[in-house]
Every structure is written in structure tokens, then in C-alpha cells.
Amino acid sequence: MNKFIKDNIEIAKSNNTIDPKFYNIYNIKRGLRNDNGTGVLVGLSQVSNVVGYEIENDKKINVEGRLYYRGYDINDLSEALAKEERFGFEEIMYLLIFGKLPTKEQYDEFKRVLGEHRDLPETFTENVILKNPSKDVMNKLMNSILVLYSYDDDPEDLCFENILEESLKLISRFPTIVAYSYQAKRHYFNQDSLVIHKPKADLSTAEYLLYLIRADKSYTKKEVELLDMSMLLHADHGSNNSSFATHVVSSTGTDLYSTICTAVGSLKGPKHGGANLSVRKMINHIKEVCDYKDKKVLKAYLRKILNKEAYDGQGLIYGMGHAVYTLSDPRAVILKNKAYELALDKDSLDEYQLYVDIEELTKEIFEEDRQRPICANVDLYSGYVYEMLNIPEEMYTPIFAISRVAGWVAHRIEQVTSDNKILRPAYQSVLEPKTYKDIENR
């Protein structure tokens, strides 16, 4: 460690740590949450809505979770798409951005526009991605987004036509950037063969992504269906951290690239987009140290984890619990059912059962020990889905970004067109007055 840093680390730490007592003294809404767990209202939105409770006479009432995209229940959307036996992610992207379900003609044209813009600018792959690889795909995604600003003829133009055009181009390029960044990481840091497939315009987003990351370009219909559904379920989720960041940055009047880079940076954090990776690590640990097929043994070990006596000492069963959902997360319910179908095909029912047991046993422990309900969130099953699809762990959060970018774009459009006030929250100062001393007498 640098000597200057070593000599000054305690000074910096002590002078940048807020005494927890002040949060109660000034009634600070930590995490923008009210005392009853509900979110602090900071704005309006009609992009999506998350329902996990209702308020009656100022009391929070737990209800089964519901998720709405532009007023449509996610359960109705997923069931309709399954009945029609077609991929739905592109349709959901259109719905989020334009606010309505597309006609057949609008849907086909939207897919065509996305497909024709998947190519990256000339020399971009070589100069930006391959010559400057990153150990982290999300880091490379952020870097690439910012560099694309330089390839835009007028990136500061906030007229509505330009906002839509540059947004669709960026959405189109997300899978290409992510896949190429992953392949560069594999090649330069893992010493694997470099695999770069040329973009294809005629594939759905889920097909295109599997085509890009697999050396043989192959995939099954069931694999694509499951990835498509997973991406559909991650496309937006109300007032989450990265969407709020999108609103905050958009309110300054900045460009698309700075805004979406901020959203990706928010998602990169393990408390947000990296949660499914935390689930995978926990699952691997349990399989190593515990006779997980014995439910009594598994339940006892889960209780130890919750009591901070095992695993990482955080007291968390990753993939269980949510800030809004209490009785159920509709995304987890849908993905759990779809995962079962692929588990049958992949001969992975034992592994699937472990996830189901963790969900059910954790619910039992919370009822017995804490007298309150808890539900599985979508991250419990999304990592398992990616594992069955042979998607490497480095791609888990980047796939989340590909899934969420249309939602971010929708939130940016909403902020820019509806509310021109800059978002500027208030912070209570807890500074004490000090008297200046000249440098020789400090």
C-alpha cells in the first residue's frame, strides 16, 4: 500500500463516517424507505408498476405480488405469448418504449430496425473492445457506451425524433457489445480461443445472444424460449435503483450515452444486478458442505446462515426476500415454472429440487423464527436458468443489462418529455462549526 494512503487512511475513514444516531435524530429515510418499508414517493411514472402490498388506514397489508408493464399484467402477457408460441421480448421492448402493444406491422418493423443496427461502427470492435479488453464485461459495456458518443453525429440533440433513433440504435448494439466483450475477456485473460461471430439481423434478441456466445452458434427452441422469457421478466421493474439513476441523470439534460452508462454502473453493483451471481455462489457452497438432499439437514444449515453462523456471515439467504414483494414475486413464479420445463430436458431435476427446497424451507424458517412471510425473488431462479443454458457467470449481470436497457430508455424518455425539473434531493448537514488554523499550527 502507498505510504501516503497508509498514513492517512484512518483520518479519511473517521471523517467520512456518519454517526448512525443522526439518522434517527433527523428522521432520515435511509435507502429512500419509510419506517413501514414502503418507498418514499419522489416522482411519477407510467412505464411499469410493482405491487407487493396495499395501504389501508395507514397500515401496510401484504398481498400477492403483481408486475405491470404499461398497465398490462406480466402474467397475462407471458401466458398470451406462450399460447401463441412466439418469443415476446421484442414486443415487450416496444410496449415499454412506445407505451402500447404493437400491431403485427409495427412489431415486424421494430424487429427489422433492431436487427439492422446490430453492427458496431467500423473499427469499433478492434479498437475499442479487442485492443482494450476488460476483466469485467459490465466495465467494458460502460466504456463502450461512452465511446459510442463519439460515433454519434449529434449526441446532444434532445429533439424527440433523435432521442428515439439513437435509443433504438443503442438497444440494438447491447448484445453485440456484451458478447464481444465477453469473448475478448475469455481470450486475453483466460487464454481461450477468440470467437467473434458476425452480427445477424434476422434473429430474435435471445437467439442472437446465444448465437454470439456459443462457438458452434447452435441452440434449441426450448433454450431460446427460456432465455427470452427471462429477459422479458427483467425488462423493467418500477422504481428500482438503476431506473431511478436514469431519472436523476436524465433530469440534468445530459445525453443518452452518459445516462445509460450511469444505469449500467448502478446495475453492476452486487446489491442490484449481481444478486443472481450471489445465489449461484451460495448454492455451490451449500452443495459442498451440506447433505442438501436431506431436508432436515438443509433446513438446519439455512437457519445457521440466517443467524450469521455459516457461509459469509451476512445473515442472508440470497434469492429470498424483496423490498416490495412480500407473499410472492410474479417473475420468480413464472421463471420457476419455465425452469422446470428445461430441467426435464436437461436431466437437472435434482438441482431444480434444491432451489425449490431452499425456497420452501426459508419460508418455513421465517414463519417459525420471525413470524413474518418471505418470498423467493427472481434472482433465486435466474442464475439457475443461465447455468442450464451454459451461460458463463461473467455474463449473468450483462444479460440483465441487455434485458433492462429498453426500460431505462423508456424512463429517460418519460423524464425528458414530462418533467424538466432537475432532481435534487436534500441532505441534512451534521457538520459542526470549526475555526480555521494556519497550516503551521494545525
(message) So that I know where these two stand, are Tyr340 and Tyr352 an aromatic pair - ring centroids less than 6.0 Å apart?
(response) yes
(request) Scan Ile334, Leu77, Asp329, Ile92 and name whichever one has a side chain to side chain contact (heavy atoms under 4.5 Å, CB included) with Leu233. (result) Ile334
(request) Give the minimum heavy-atom separation between His197 and Arg214, together with the two atoms involved. (result) NE2-O, 2.8 Å
(request) Can you label the angle between the Tyr311 ring and the His285 ring as parallel, tilted or perpendicular, going by 30° and 60°? (result) tilted
(request) Please name all residues satisfying side chain to side chain donor-acceptor pair (under 3.5 Å) with Asp108, sequence neighbours left out, ordered by chain then number. (result) Lys104
(request) Enter the distance from Phe89:CZ to Met229:CE here, rounded to the nearest 0.5 Å. (result) 12.0 Å
(message) For Arg370, is the CZ atom crowded, meaning more than 12 foreign heavy atoms sit under 6.0 Å from it?
(response) yes
(request) Starting from the C-alpha separation in whole Å, work towards a yes-or-no answer on side-chain contact (heavy atoms from CB on, under 4.5 Å) for Phe98 and Gln106. (result) CA-CA 11 Å; Phe98 293 93; Gln106 289 169 334; over 6 Å; no
(request) State the NZ-NZ distance between Lys6 and Lys3, to the nearest 0.5 angstrom. (result) 9.0 Å
(message) Just checking Lys59: does its NZ atom have more than 12 heavy atoms from other residues, nucleotides or ligands closer to it than 6.0 angstrom?
(response) no
(request) Using the test side chain to side chain donor-acceptor pair (under 3.5 Å), find all partners of His272 that sit at least two apart in sequence or belong to another chain. (result) Ser242
(request) Ignoring hydrogens and angles, tell me if any N or O in the side chain of Thr262 forms a donor-acceptor pair with the backbone of Ser258 under 3.5 Å. (result) yes
(message) With a 3.5 Å distance limit and no angle check, can you tell me whether Arg70 reaches the backbone of Leu96 through a side-chain donor-acceptor pair?
(response) yes
(message) Can you give me the closest heavy-atom contact between Ile374 and Lys363, atom names plus distance?
(response) O-CG, 3.3 Å
(message) Tell me if the CD atom of Gln46 is crowded by more than 12 foreign heavy atoms within 6.0 Å.
(response) no
(request) Provide the closest heavy-atom pair for Ala406 versus Ile171 in the form atom of the first, atom of the second, distance. (result) CA-CD1, 3.9 Å
(message) So that I can tick it off, tell me whether Glu341 and Lys338 are bridged by a salt bridge, with the cut-off set at under 4.0 angstrom between side-chain N and carboxylate O.
(response) yes
(message) Applying the side chain to side chain contact (heavy atoms under 4.5 Å, CB included) criterion to Leu67, which one of Val324, Asn75, Ile74 satisfies it?
(response) Ile74
(message) I need the Ile317 CD1 to Thr362 OG1 distance, nearest 0.5 Å.
(response) 4.5 Å
(message) Once rounded to the nearest 0.5 Å, what's the spacing between atom OH of Tyr396 and atom CD of Glu394?
(response) 9.5 Å
(request) Give a yes or no answer on whether the side chain of Asp228 reaches the backbone of Val224 with a donor-acceptor pair at less than 3.5 Å. (result) no
(message) Check Glu223 with Lys346, please: is the shortest side-chain N to carboxylate O separation under 4.0 Å?
(response) yes
(request) Using atom types as modelled and distance alone, determine if a side-chain donor or acceptor of Asp255 lies under 3.5 Å from a backbone N or O of Pro155. (result) no
(message) Are there over 12 heavy-atom neighbours, none belonging to Ile55, within less than 6.0 Å of that residue's CD1?
(response) yes
(request) Check for a donor-acceptor pair, side chain of Arg118 on one end and backbone N or O of Lys200 on the other, with a separation under 3.5 Å. (result) yes
(message) Nearest 0.5 Å, please: how far is CG in Asn24 from CG in Asn27?
(response) 8.5 Å
(message) With no hydrogens and no angle check, just 3.5 Å: does a side-chain donor-acceptor pair link Lys140 and Asn143?
(response) yes
(message) Any carboxylate oxygen within less than 4.0 angstrom of a Lys/Arg side-chain nitrogen, looking at Lys287 and Glu351?
(response) yes
(message) I'd like to know if the side chain of Asn284 pairs up with that of Arg280 as donor and acceptor (distance under 3.5 Å, no hydrogens or angles considered).
(response) yes
(request) Would you indicate whether Lys100, at its atom NZ, is surrounded by more than 12 heavy atoms from other residues, nucleotides or ligands within a distance under 6.0 Å? (result) yes
(request) Please confirm whether the backbone N or O of Lys281 pairs with a side-chain atom of Tyr318, one donor and one acceptor, at under 3.5 Å? (result) no
(request) State whether the side chain of Arg186 and the backbone N or O of Ser193 hold a donor-acceptor pair below 3.5 Å, judged by distance alone. (result) yes
(request) State plainly whether the residues Arg112 and Glu109 are in salt-bridge range, i.e. N to O under 4.0 Å. (result) yes
(message) Checking side-chain polar atoms at under 3.5 Å, does Glu64 have a donor or acceptor matched by the opposite partner on Ser328?
(response) yes
(request) Can you see which heavy atom on Gly65 is nearest to which on Tyr325, and at what distance? (result) CA-CD2, 3.7 Å
(message) Taking side chain to side chain contact (heavy atoms under 4.5 Å, CB included) as the criterion, tell me which of Val385, Ile213, Leu209 meets it with Ile391.
(response) Ile213
(request) Could you tell me whether Leu41 atom CG has more than 12 heavy atoms of other residues or ligands within 6.0 Å of it? (result) no
(message) Distance alone, cut at 3.5 Å: any donor-acceptor contact between the side chains of Gln415 and Arg412?
(response) no
(request) Could you name each residue pair satisfying ring-ring contact (aromatic ring centres under 6.0 Å, His included) that touches residues 128-160, not counting sequence neighbours? (result) Phe124-Tyr151
(request) Measure the spacing between CG of Leu95 and CG of Leu101 and express it to the nearest 0.5 Å. (result) 5.0 Å
(message) Looking at every non-hydrogen atom in both residues, tell me the closest pair between Val113 and Ser172 and how far apart they are.
(response) O-OG, 4.0 Å
(message) Would Lys336 and Tyr381 count as a cation-pi pair here, with the cationic atom under 6.0 angstrom from the ring centre and within 45° of the axis?
(response) no
(message) Between Thr326 and Gly52 (side chain of the first, backbone of the second, donor and acceptor by atom type, cut-off under 3.5 Å), is there such a pair?
(response) yes
(request) Would you check if the side chain of Thr254 reaches a backbone N or O of Ser250 as a donor-acceptor pair within less than 3.5 Å? (result) no
(message) Is it true that Asp152 and Tyr257 share a donor-acceptor pair across their side chains at a distance under 3.5 Å?
(response) yes
(message) Under a 3.5 Å threshold, yes or no: a donor from one side chain and an acceptor from the other, between Glu414 and Ser45?
(response) yes
(message) Check this for me: Glu161, atom CD, are more than 12 non-hydrogen atoms of other residues, nucleotides or ligands nearer than 6.0 Å?
(response) no
(message) For the residue pair His411 / Asp236, report whether a side-chain donor-acceptor contact shorter than 3.5 Å exists.
(response) yes
(message) Looking at Asn139 and Val137, would you say the former's side chain and the latter's main chain have a donor-acceptor pair under 3.5 Å?
(response) no
(request) Give me the ring orientation class for Tyr208 and Tyr211: parallel if the planes are under 30° apart, tilted from 30 to 60°, perpendicular past 60°. (result) parallel
